[in-house]
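These values consider heavy atoms only, across backbone and side chains, with no hydrogens, waters or symmetry-generated copies. Please read all numbers here as calculations on a predicted model, not as lab measurements.
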Amino acid sequence: LNLTSDAEYKYSGSLNPQTKLKFEDKWILSRLADTAGKMNEHFGEYMFADAVQAAYSFWLYELCDVYLELIKPRLYVNTDGMMSRGIGNR
């Protein structure tokens, strides 16, 4: 999945705070929180390269490699452009 391409994957809606999160959603949010903590620590110590590396690692290895692969079925769009599945559906 190319994260920068929206040719096949679209999200037409909004996130509802009342929606129960699936395991993979909770997992990515926990990884994001951990990454934010690491980045804050690195920025506080003026270790900018380490802060950027933490962001890059999250983006590439956790968000793109794992999370987006897990949620592909929820983002699938068929060939006529209609949403066949949406966030929260499986």
Side-chain angles (χ1 to χ4, degrees):
L1 173 64
N2 181 351
L3 187 60
T4 60
S5 171
D6 60 31
E8 294 181 27
Y9 299 94
K10 299 198 182 300
Y11 173 64
S12 58
S14 62
L15 295 175
N16 181 347
Q18 312 308 327
T19 301
K20 287 190 175 187
L21 296 175
K22 298 190 179 336
F23 172 78
E24 58 269 23
D25 301 326
K26 292 176 184 177
W27 175 81
I28 197 63
L29 290 173
S30 75
R31 301 310 308 140
L32 177 60
D34 183 62
T35 300
K38 288 178 184 177
M39 291 181 66
N40 283 334
E41 180 180 324
H42 293 317
F43 278 129
E45 297 172 0
Y46 300 99
M47 298 171 64
F48 301 116
D50 291 341
V52 170
Q53 183 61 44
Y56 176 80
S57 292
F58 169 78
W59 176 267
L60 184 62
Y61 301 117
E62 294 174 305
L63 182 69
C64 294
D65 281 357
V66 178
Y67 182 69
L68 291 180
E69 293 299 322
L70 290 172
I71 67 165
K72 271 185 182 180
R74 292 194 270 163
L75 300 176
Y76 180 76
V77 177
N78 62 24
T79 55
D80 63 2
M82 298 300 293
M83 192 73 140
S84 62
R85 295 180 184 221
I87 300 273
N89 297 327
R90 282 204 168 175

- Item | Nearest-0.5 Å distance that lies between atom NZ in K22 and atom CD1 in I71 | 11.0 Å
- Item | Contact summary for R74 and D25, nearest pair of heavy atoms | NH2-OD1, 2.8 Å
- Got a second to check how far L32's CG is from E62's CD, nearest 0.5 Å? 9.5 Å
- Task: Rounded to the nearest 0.5 Å, what's the gap from OG1 on T35 to CG on N40? Could you check?
- Result: 11.0 Å
- Query: Are the side chains of F58 and R31 in touch, meaning some heavy atoms are under 4.5 Å apart?
  - Reply: yes
- Query: Do S30 side-chain atoms and W27 backbone N/O form a donor-acceptor pair below 3.5 Å?
  - Reply: yes
- Could you state the interatomic distance from CG (L63) to CD1 (I28), rounded to the nearest 0.5 Å? 5.0 Å
- Under 4.5 Å between side-chain heavy atoms, chaining through other members, with only Ile, Leu, Val, Met, Phe, Trp and Tyr counted: pull out the rest of the cluster around M39, sorted by chain and number. F43, Y46, F48
- List, by chain and then residue number, the residues other than Y61 in its hydrophobic cluster (Ile/Leu/Val/Met/Phe/Trp/Tyr, side-chain heavy atoms under 4.5 Å); write none if there are no others. Y56, L60
- Q53 CD to M47 CE distance, which is reported to the nearest 0.5 Å: 11.5 Å
